[in-house]
Undergrad: 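Have a look at this one.
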Amino acid sequence: NGQTATLSSSFNQGAWVTFPISVAAGETVTIVVDRTAGANAVLSGVFLGNAGSPPGPAPQGTLIPLYDNANPADWTEACSQTNGSGGGSLIIADAAEGSGPGSARLPAWASVIENCLTYGRASVIGYVWTDYGEGGPASIAGIESEVNAWYSYYPGDIAGIFFDGASDVVPGTSTSNQSFYETLAAYVHTHEGANAQVVFNFGANPGSAWMLNGSAANNANLIVTFEGSYNTPTENPYTAWTPAPWEATYPAKDFAALVYNAPEALATPQPASACGSLAKQNVGYVYVGTWYSQLPPYFGSFLNDSFSGGC
């Protein structure tokens with residue numbers, strides 16, 4: 001009956017389109033897919049049936065910063081209980097405490113990372129600091145060497161890179177960082193494969209979606225649009241944050257939020273207080289905790305909330 005839908009943003013991870021139809025037994029329905037841009041347009045499947053009950057919220061992925069000196073207990077708990085790599089569970093390793101991979105393979109980190117992968121429930125990505133692009137193009141080679149180190153020290157065990165300290169522009173200037181970060185994304189995707197995860201941690205809403213609108217090689221797979229405390233005034237409180245309007249036009253799987261210093265207090269019980277808001281803000285990857293040096297006491301509840309799409 002002439003119903004149409006336009007997919008105006010990237011759908012390389014798939015997209016659902018739903019239409020109400022009513023046809024008698026033996027009649028036909030014609031579906032036409034027009035490619036208006038990009039390399040291809042593929043209709044992968046059709047589901048027909050009664051309306052039934054409306055679907056529940058989609059499970060959210062978890063992005064877990066676990067900077068705990070390779071504590072085996074924490075890593076075992078996180079890796080054995082996360083939602084599963086298929087649903088989007090990423091754990092960030094920071095072997096040199098803010099300096100990414102460090103200068104050599106560390107046996108303690110090799111042990112927890114290798115053990116993590118035996119559960120088949122999470123992927124491990126390596127931490128790399130980018131200093132908001134302050135170093136300019138001259139610093140790219142040094143950052144790329146840290147990327148190489150993660151894959152060299154822990155071969156076969158690293159699924160991508162968490163680029164911390166990302167920024168739209170060089171702080172204090174109007175110099176765009178777009179080329180800077182696109183170069184880093186392309187380096188990971190070119191050298192480690194198209195499936196390697198590239199995460200940019202802006203910690204706040206970027207001004208636009210340039211990091212999602214380039215070629216597949218140059219794009220981030222995930223961007224952190226919030227990082228801060230739950231409600232501590234001096235620590236970028238989550239309770240004062242709202243997503244940028246442009247983010248509503250992109251799928252939730254493109255966005256992550258990291259909420260720390262979220263104590264399990266009677267006035268604001270966690271993770272329920274944070275999760276109750278995050279679930280409504282188009283954020284597909286989440287973390288709610290006390291701090292990154294250990295898992296929170298409510299970690300199991302947080303996982304249950306995220307898996308049910310309620311965080």
Side-chain angles (χ1 to χ4, degrees), residues 57-68 71 74-75 77-79 81-83 87-94 98 122-125 127 129 162-167 197 199-206 220-244 247-248 250-311:
Q60 292 161 296
T62 51
L63 178 66
I64 304 172
L66 199 47
Y67 311 155
D68 64 348
N71 181 306
D74 275 350
W75 275 80
E77 182 178 0
C79 297
Q81 296 184 27
T82 52
N83 302 340
S89 291
L90 301 174
I91 300 178
I92 310 163
D94 183 16
S123 298
V124 178
I125 59 178
Y127 177 100
W129 175 249
F162 179 84
F163 288 109
D164 198 9
S167 177
Q197 296 295 301
V199 182
F200 289 155
N201 181 16
F202 290 89
N205 297 314
N221 299 92
L222 179 65
I223 61 173
V224 180
T225 53
F226 174 81
E227 182 181 25
S229 71
Y230 175 67
N231 64 355
T232 304
T234 57
E235 297 179 358
N236 189 32
Y238 165 71
T239 51
W241 176 79
T242 56
E247 293 166 19
Y250 287 79
K253 67 178 180 60
D254 289 340
F255 306 108
L258 304 176
V259 181
Y260 58 78
N261 199 7
E264 195 174 18
L266 291 177
T268 54
Q270 301 298 351
S273 294
C275 284
S277 297
L278 283 166
K280 304 171 185 176
Q281 292 177 311
N282 196 41
V283 177
Y285 283 76
V286 291
Y287 181 71
V288 178
T290 48
W291 190 238
Y292 301 158
S293 57
Q294 62 183 12
L295 295 176
Y298 49 76
F299 184 67
S301 296
F302 159 69
L303 292 180
N304 289 336
D305 286 349
S306 63
F307 186 67
S308 65
C311 192

Undergrad: Are N83 and S306 close enough that some pair of their side-chain heavy atoms sits under 4.5 Å apart?
TA: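 The answer is yes; the side chains approach within 4.5 Å.
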
Undergrad: Give, for atom CD1 of I64 and atom CD1 of I125, the distance between the pair rounded to the nearest 0.5 Å.
TA: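 So the CD1 of I64 and the CD1 of I125 are separated by 10.5 Å.
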
Undergrad: Nearest heavy-atom pair of P233 and P237: which atoms, and what distance?
TA: O-CD, 3.7 Å

Undergrad: For V124 versus W75, what's the shortest heavy-atom pair and its separation?
TA: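 Heavy-atom minimum between the residues: CG2-CZ3, 4.0 Å.
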
Undergrad: Roughly how far, to the nearest 0.5 Å, is the CZ atom of F202 from the CG atom of D164?
TA: 11.5 Å

Undergrad: For the residue pair N282 and P251, what are the closest heavy atoms and their distance?
TA: OD1-C, 4.0 Å

Undergrad: Could you tell me whether the side chain of T82 and the main chain of S89 form a donor-acceptor pair under 3.5 Å?
TA: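 No; judged by distance alone, with no hydrogens or angles, the pair does not exist.
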
Undergrad: Side chains of Y238 and N231: closer than 4.5 Å at any heavy-atom pair?
TA: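 Y238 does not reach N231 side chain to side chain.
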
Undergrad: Which residues pass the side chain to side chain contact (heavy atoms under 4.5 Å, CB included) test with A257, not counting sequence neighbours?
TA: F226, L278, V283

Undergrad: Would you say that more than 12 heavy atoms from the other residues, nucleotides or ligands in this model lie under 6.0 Å from the OH of Y67, or not?
TA: yes

Undergrad: For F302 together with Y287, are the ring centres under 6.0 Å from each other?
TA: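 Yes, they do, as the ring centres are separated by less than 6.0 Å.
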
Undergrad: For W241 and T225: C-alpha separation, side-chain torsions, deciding distance, then whether side chain to side chain contact (heavy atoms under 4.5 Å, CB included) applies.
TA: CA-CA 10 Å; W241 176 79; T225 53; 3.8 Å; yes

Undergrad: Taking all heavy atoms of Y127 and all of G98, pick out the closest pair and write down the distance.
TA: CE2-O, 3.7 Å

Undergrad: Of all residues at least two apart in sequence or in a different chain, which pass the side chain to side chain contact (heavy atoms under 4.5 Å, CB included) check with P263?
TA: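 Expected list: N261.
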
Undergrad: With the side chain counted from C-beta on, respond yes when P65 and L258 share a heavy-atom pair under 4.5 Å apart, and no when they do not.
TA: yes

Undergrad: Is there side-chain contact between F162 and D94, with heavy atoms separated by less than 4.5 Å?
TA: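 F162 vs D94: side chains apart.
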
Undergrad: Restricting to non-hydrogen atoms, name the atom on L303 and the atom on Q81 that form the minimum distance, rounded to 0.1 Å.
TA: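 Where L303 meets Q81 most closely, the heavy atoms are CD1-O, 3.2 Å.
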
Undergrad: If you define the side chain from C-beta out and look only at heavy atoms, does anything of Y260 sit under 4.5 Å from E235?
TA: yes

Undergrad: So V288 and D305, do their side chains get closer than 4.5 Å, heavy atoms only?
TA: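 Not in contact.
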
Undergrad: For the side chain of Q270 and the backbone of A274, is there at least one donor-acceptor N/O pair under 3.5 Å apart?
TA: yes

Undergrad: Give the ring-plane orientation class for F200 versus F163, where under 30° counts as parallel, over 60° as perpendicular and anything between as tilted.
TA: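 Answer is tilted, since the angle falls between 30° and 60°.
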
Undergrad: Let me check something: any side-chain donor-acceptor pairs from residues 291-301 under 3.5 Å, sequence neighbours excluded? List them with distances.
TA:
residue: Y292; atom: OH; partner: E227; partner atom: OE2; Å: 2.7
residue: Y298; atom: OH; partner: A262; partner atom: O; Å: 2.5

Undergrad: Nearest heavy-atom pair of G203 and N236: which atoms, and what distance?
TA: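 Closest pair (atom of G203, atom of N236, distance): O-ND2, 3.8 Å.
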
Undergrad: For the side chain to side chain contact (heavy atoms under 4.5 Å, CB included) test, which of V286, I92, N201 pairs with L63?
TA: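 That would be I92; it is the only one of V286, I92, N201 passing the side chain to side chain contact (heavy atoms under 4.5 Å, CB included) with L63.
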
